[in-house]
Amino acid sequence: MAVRNTDTAIDCRAGLLSEPEYISQNRRAYDALSEKYDQRAAYKTSFEMAPSVLARVMVRHITTQEVPATILEIGPGSGEALAYLETANYRTVAVELSPRIAEVARRRSPGSVVLVGNVLAVDFTREQFCGVYAGAVIHLFPLEDARRLLTKIYAWLRPGGVLLMNTTVHQQSEEGFYKKTDYGGITRFRRRWTEADLRIEVGRAGFCIRERINSHEQDRGKVWVAFCATRA
């Protein structure tokens with residue numbers, strides 16, 4: 001899928017009746033949480049690492065001289081990273097599962113192309129992007145689909161392109177439907193990753209990790225790890 005600057009609001013929700021239940025459940029969950037995500041972006045605690053901080057890490061590793069270069073964000077949420085990348089003069093494209101969250105991202109980053117749909121059902125042109133930002137996304141897929149997503153990202157990135165991916169860290173890897181206790185107990189599908197297991201899968205997909213960023217949200221009891229990696 002080639003994307004033009006004029007394609008600011010595209011709906012890619014096709015074949016919803018045949019999609020996995022975990023995708024449907026996560027769409028419902030994030031639709032319900034859209035206002036809270038928007039509010040939280042405006043009122044961060046001192047413990048939370050802003051998405052724009054991680055976006056700056058990714059930009060630091062991008063070496064392409066193309067102007068303007070294009071970056072894809074998967075799951076833009078409140079649109080903070082997308083807005084930073086837009087103001088840093090990148091062409092910005094995003095894929096968001098939740099239509100209501102997509103509206104939030106568009107308001108915060110009006111110059112970005114925001115597609116609504118399951119990223120696993122979207123096909124971009126090979127080697128279309130110089131960077132892919134996937135913040136708090138990989139844990140929304142079961143292991144096999146997480147591997148599929150990493151394979152897609154690898155194909156969409158140019159050689160030497162940069163992936164920024166983060167998740168919370170757990171003592172053991174497991175997956176299922178859990179209540180999102182920090183947002184009112186809404187149920188969603190979640191995979192809990194150990195750092196070692198995620199590192200293995202990122203390497204298995206063909207990426208070389210260049211930088212590791214760790215943060216601790218003490219108020220919510222969450223430890224996060226981010227990998228900034230390049231495509232071989």
Side-chain angles (χ1 to χ4, degrees), residues 26 29-30 33-34 36-62 71-88 90 92 94 96-97 101 104-105 108-109 131-141 143 146 149-150 153 161-175 178-184 186 188-203 205 207-230:
N26 283 2
Y30 284 100
L33 292 170
S34 60
K36 291 185 177 180
Y37 268 68
D38 194 13
Q39 293 168 0
R40 187 169 174 203
Y43 301 100
K44 291 190 179 302
T45 71
S46 59
F47 300 112
E48 186 174 359
M49 181 176 289
S52 58
V53 173
L54 293 177
R56 282 195 289 272
V57 172
M58 182 177 72
V59 166
R60 194 165 66 236
H61 288 268
I62 292 174
I71 291 177
L72 169 68
E73 181 170 8
I74 300 172
S78 59
E80 295 169 84
L82 203 60
Y84 167 78
L85 294 167
E86 180 187 342
T87 58
Y90 288 93
T92 44
E96 172 55 55
L97 179 65
I101 293 250
V104 172
R108 198 160 269 115
S109 184
V132 173
Y133 185 100
V137 165
I138 195 68
H139 53 242
L140 300 180
F141 298 89
L143 179 59
L149 178 59
L150 283 165
I153 292 171
V162 181
L163 166 65
L164 192 294
M165 174 174 286
N166 73 334
T167 188
T168 52
V169 177
H170 299 268
Q171 294 297 313
Q172 63 181 26
S173 293
E174 56 188 3
E175 58 189 50
Y178 303 97
K179 289 188 180 298
K180 191 167 172 54
T181 56
D182 55 339
Y183 279 94
I186 288 177
R188 63 169 180 174
F189 178 87
R190 180 67 149 82
R191 177 169 176 81
R192 296 170 174 170
W193 287 90
T194 67
E195 181 176 340
D197 284 348
L198 183 59
R199 184 181 290 271
I200 287 170
E201 295 301 332
V202 170
F207 293 96
C208 179
I209 295 174
R210 302 296 183 183
E211 188 171 346
R212 173 189 178 277
I213 305 96
N214 178 258
S215 62
H216 185 191
E217 282 187 82
Q218 296 180 24
D219 57 330
R220 298 200 297 164
K222 293 185 176 184
V223 176
W224 291 79
V225 66
F227 294 140
C228 190
T230 53

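Nothing fancy with the numbering, it's 1 onward along the sequence.
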- Where Ile101 and Gly77 come nearest, the two heavy atoms and their spacing: CG2-O, 3.3 Å

- Query: Would a distance-only check, ignoring hydrogens and angles, find a side-chain to backbone donor-acceptor pair under 3.5 Å from Ser109 to Ala105?
  - Reply: no

- Task: Kindly compute the distance separating CG (Asn26) from CG (Leu97), expressed to the nearest 0.5 Å.
- Result: 6.5 Å

- Hey, are Thr194 and His170 close enough side-chain-wise for a donor-acceptor pair under 3.5 Å? no

- Distance in Å, Leu140 CG paired with Phe189 CZ, rounded so as to fall on 0.5 Å steps: 9.0 Å

- What heavy-atom pair brings Glu201 and Leu150 nearest, and what distance separates the two atoms? O-CD1, 3.7 Å

- Message: Measuring only between side-chain heavy atoms, which start at C-beta, is Glu195 closer than 4.5 Å to Thr167?
- Response: no

- Task: Could you tell me whether the side chain of Val132 reaches within less than 4.5 Å of the side chain of Leu164, counting heavy atoms only?
- Result: no

- Task: Apply side-chain contact (heavy atoms from CB on, under 4.5 Å) to Glu174 and list each qualifying residue two or more places apart in sequence or on a separate chain.
- Result: Gln172, Tyr178, Arg192

- Item | Polar contact flag, side-chain donor to acceptor under 3.5 angstrom, Arg220-Thr168 | no

- Query: Taking the side chain from Asp197 and the backbone from Ser173, do they hold a donor-acceptor pair closer than 3.5 Å?
  - Reply: no

- Is Arg191 close to Phe141 at the side-chain level, that is, under 4.5 Å between some pair of heavy atoms? no

- Hey, could you give me the CZ/CZ distance between Arg60 and Arg210, rounded to the nearest 0.5 Å? 13.5 Å

- Output the distance between atom SG (Cys208) and atom CG (Leu163), rounded to the nearest 0.5 Å. 12.0 Å

- Item | Separation between NZ of Lys179 and CZ of Arg190, rounded to the nearest 0.5 Å | 16.0 Å

- Message: Pair Arg212, Arg199 - check side-chain contact (heavy atoms from CB on, under 4.5 Å), show working.
- Response: CA-CA 10 Å; Arg212 173 189 178 277; Arg199 184 181 290 271; 3.8 Å; yes

- Between Asp38 and Ser78, a side-chain donor and acceptor under 3.5 Å: no

- Task: Mind listing the closest non-hydrogen atom pair of Ile209 and Ala229 along with its distance?
- Result: CA-CB, 3.9 Å

- Task: May I ask you to decide if Leu143's main-chain N or O and Glu175's side chain share a donor-acceptor pair within less than 3.5 Å?
- Result: yes

- Query: With sequence neighbours left out, what residues match Ser52 under side-chain hydrogen bond (donor to acceptor under 3.5 Å, both in side chains)?
  - Reply: none

- Where Leu82 and Pro76 come nearest, the two heavy atoms and their spacing: CD2-CB, 4.2 Å

- Heavy-atom nearest pair, Val137 first then Ile74, reads CG2-O, 3.0 Å

- Item | Pi-cation contact, Tyr84 with Arg56 (under 6.0 Å, within 45°) | yes

- Query: Could you walk me through whether Ile213 and Phe227 pass the side-chain contact (heavy atoms from CB on, under 4.5 Å) check?
  - Reply: CA-CA 7 Å; Ile213 305 96; Phe227 294 140; over 6 Å; no

- Message: Looking at every heavy atom in both Tyr133 and Pro51, which two are closest together, and how far apart are they?
- Response: OH-O, 3.2 Å

- Message: Assess the residue pair Trp193 and Val225 against the criterion (side-chain contact (heavy atoms from CB on, under 4.5 Å)); give the C-alpha distance rounded to whole Å, side-chain angles, the decisive distance to 0.1 Å, and a yes or no.
- Response: CA-CA 10 Å; Trp193 287 90; Val225 66; over 6 Å; no

- Straight-line distance of Met58 CE to Ile71 CD1, nearest 0.5 Å: 4.0 Å

- Task: Report the C-alpha separation of His216 and Lys222 in whole Å, then their side-chain angles, then the decisive distance to 0.1 Å, and conclude whether the side-chain contact (heavy atoms from CB on, under 4.5 Å) test is met.
- Result: CA-CA 6 Å; His216 185 191; Lys222 293 185 176 184; 6.0 Å; no

